[in-house]
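Sending over a structure as structure tokens; questions will come in a sec.
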Amino acid sequence: MKLSEAKKRAIMLMDDYSCNGSAIFEDDKTALDTSYRINDFFDIAQKQVAALKKIIVCAVIDPASAEKREKIQSVPLPERFYQLICCPYEISAAGGELRFSAKISAPFEIEYAKMPENLDYETPDDYEFEVSEDAAAAMPFFVAAQLLMGEDDAAYSRLMNEYQTALINLDLRAPVLQGRIKNKLFGNRRKRFV
């Protein structure tokens with residue numbers, strides 16, 4: 001889902017999109033205030049959703065580029081690292097780096113959850129959300145509720161309830177990465193962290 005479509009849905013949920021068949025958002029006095037805040041609310045919503053329904057990516061860790069210490073070596077965390085999902089070795093993520101045994105010499109692959117990019121006022125409307133479609137569909141409820149907070153308590157509560165219901169109903173099963181299907185029953189010795 002693109003940011004422009006999500007904005008349109010949030011404004012429709014607020015009942016501020018049209019009146020008697022004509023769009024009113026463009027002429028509304030609060031349009032400027034809404035346009036300044038809406039991307040930041042989508043940023044919050046996308047990060048909340050990504051914490052539940054993870055954005056899983058792979059990275060190859062090359063020990064040749066690692067900083068070596070006594071019994072461990074370390075490499076910087078991948079960009080926007082959130083949580084380690086799967087790795088073939090004992091590994092820890094702390095202090096902005098991945099730490100693993102100094103005995104490991106061959107490159108290896110990890111799976112990790114990443115956080116989405118930051119959104120702000122300058123984020124273009126053609127930005128494609130990084131979360132899945134079902135997760136992105138929940139976000140307009142949160143944004144509409146935040147925009148109505150303090151103005152219409154009943155609408156705020158109704159929209160937040162819809163948002164919470166959508167989050168509860170997300171399919172949280174781990175996605176298949178790049179078409180690979182992993183056999184979790186036989187012979188997979190990779191360590192799972194979640």
Side-chain angles (χ1 to χ4, degrees), residues 1-10 13 37-63 65-66 74-100 107-147 159-160 162-184 188-194:
M1 178 185 298
K2 292 189 183 297
L3 180 59
S4 59
E5 182 183 345
K7 284 181 180 181
K8 183 177 177 182
R9 288 182 183 186
L13 288 167
R37 298 185 306 153
I38 198 164
N39 286 8
D40 291 320
F41 287 140
F42 273 110
D43 181 57
I44 294 167
Q46 183 173 221
K47 288 179 178 161
Q48 285 180 352
V49 168
L52 287 175
K53 186 162 185 174
K54 313 261 189 290
I55 303 169
I56 305 208
V57 293
C58 291
V60 174
I61 306 299
D62 187 3
S65 65
S74 62
V75 294
L77 288 174
E79 187 178 346
R80 297 186 284 147
F81 180 91
Y82 173 62
Q83 182 179 37
L84 190 61
I85 302 295
C86 188
C87 177
Y89 303 109
E90 287 291 333
I91 191 169
S92 67
E97 59 188 16
L98 290 174
R99 297 178 184 148
F100 48 94
F108 59 94
E109 186 178 78
I110 64 167
E111 292 175 11
Y112 68 96
K114 72 174 185 174
M115 284 309 262
E117 287 184 37
N118 292 327
L119 304 179
D120 59 18
Y121 176 72
E122 296 176 355
T123 303
D125 280 350
D126 65 347
Y127 170 81
E128 186 80 34
F129 289 115
E130 295 178 64
V131 295
S132 65
E133 279 296 315
D134 63 333
M139 296 188 312
F141 291 103
F142 173 82
V143 173
Q146 297 309 305
L147 291 170
L159 290 166
M160 282 305 287
E162 289 290 333
Y163 174 65
Q164 293 298 328
T165 301
L167 292 183
I168 289 168
N169 290 320
L170 287 177
D171 181 5
L172 300 179
R173 291 177 291 184
V176 175
L177 291 173
Q178 302 168 355
R180 296 180 303 179
I181 297 175
K182 297 178 185 139
N183 186 343
K184 300 294 183 194
N188 188 350
R189 296 179 305 178
R190 298 176 77 180
K191 303 216 181 291
R192 297 290 298 176
F193 293 93
V194 287

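The basis for the numbers below is simple: all heavy atoms, side chains too, and nothing from hydrogens, waters or symmetry mates. Numbering starts at 1 and runs along the sequence shown.
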Worksheet item: Taking the side chain as C-beta and beyond, is there a heavy-atom pair between Met139 and Met1 under 4.5 Å?
Response: no

Worksheet item: Hey, what do you get for OG (Ser74) to CG (Leu98), rounding to the nearest 0.5 Å?
Response: 9.0 Å

Worksheet, complete the sentence: Across all chains, not counting sequence neighbours, the salt bridge (charged side-chain N to carboxylate O under 4.0 Å, His left out) partners of Glu130 are Arg80, Lys114

Worksheet entry | Spacing of Glu5 atom CD and Arg9 atom CZ [to the nearest 0.5 Å] | 4.0 Å

Discussion item. Applying salt bridge (charged side-chain N to carboxylate O under 4.0 Å, His left out), can you list everything that pairs with Asp125, at least two apart in sequence or on another chain?
Written reply: Lys7

Practice prompt. Nearest 0.5 Å please: distance from the CD1 atom of Ile91 over to the OH atom of Tyr112.
Written response: 12.0 Å

Worksheet item: If you count the non-hydrogen atoms of other residues, nucleotides and ligands that lie under 6.0 Å from CD in Glu128, is the total more than 12?
Response: yes

Practice prompt. Name all pairs fulfilling the salt bridge (charged side-chain N to carboxylate O under 4.0 Å, His left out) condition that reach into residues 137-146, sequence neighbours left out, sorted by first residue then second.
Written response: none

Worksheet item: Taking atom CG of Leu147 and atom CD1 of Ile38, what is their separation to the nearest 0.5 Å?
Response: 5.5 Å

Worksheet item: Can you list the residues that meet the salt bridge (charged side-chain N to carboxylate O under 4.0 Å, His left out) rule with Asp134, with sequence neighbours excluded?
Response: Lys53

Discussion item. Just to verify, what does Phe100 make a ring pair (Phe, Tyr, Trp, His ring centres under 6.0 Å) with, not counting sequence neighbours?
Written reply: Phe108

Item to complete: Rounded to the nearest 0.5 Å, what's the gap from CD1 on Ile85 to CD1 on Ile56? Could you check?
Response: 4.5 Å

Worksheet item: With a 4.5 Å limit on heavy-atom distance, are the side chains of Met115 and Gln46 in contact?
Response: no

Worksheet item: Can you tell me how far the OH atom of Tyr127 sits from the CG atom of Leu119, to the nearest 0.5 Å?
Response: 5.0 Å

Item to complete: Could you label the plane-to-plane angle of the Phe142 and Tyr163 rings as parallel, tilted or perpendicular, counting under 30° as parallel and over 60° as perpendicular?
Response: tilted

Discussion item. Would the distance check show the side chain of Asp40 and the main-chain N or O of Asp43 forming a donor-acceptor pair, the cut-off being under 3.5 Å?
Written reply: no

Discussion item. How close do Ala144 and Leu13 get, counting heavy atoms only, and between which atoms?
Written reply: CB-CB, 3.9 Å

Practice prompt. Sequence neighbours left out, what passes salt bridge (charged side-chain N to carboxylate O under 4.0 Å, His left out) with Glu117? Give chain and number order.
Written response: none

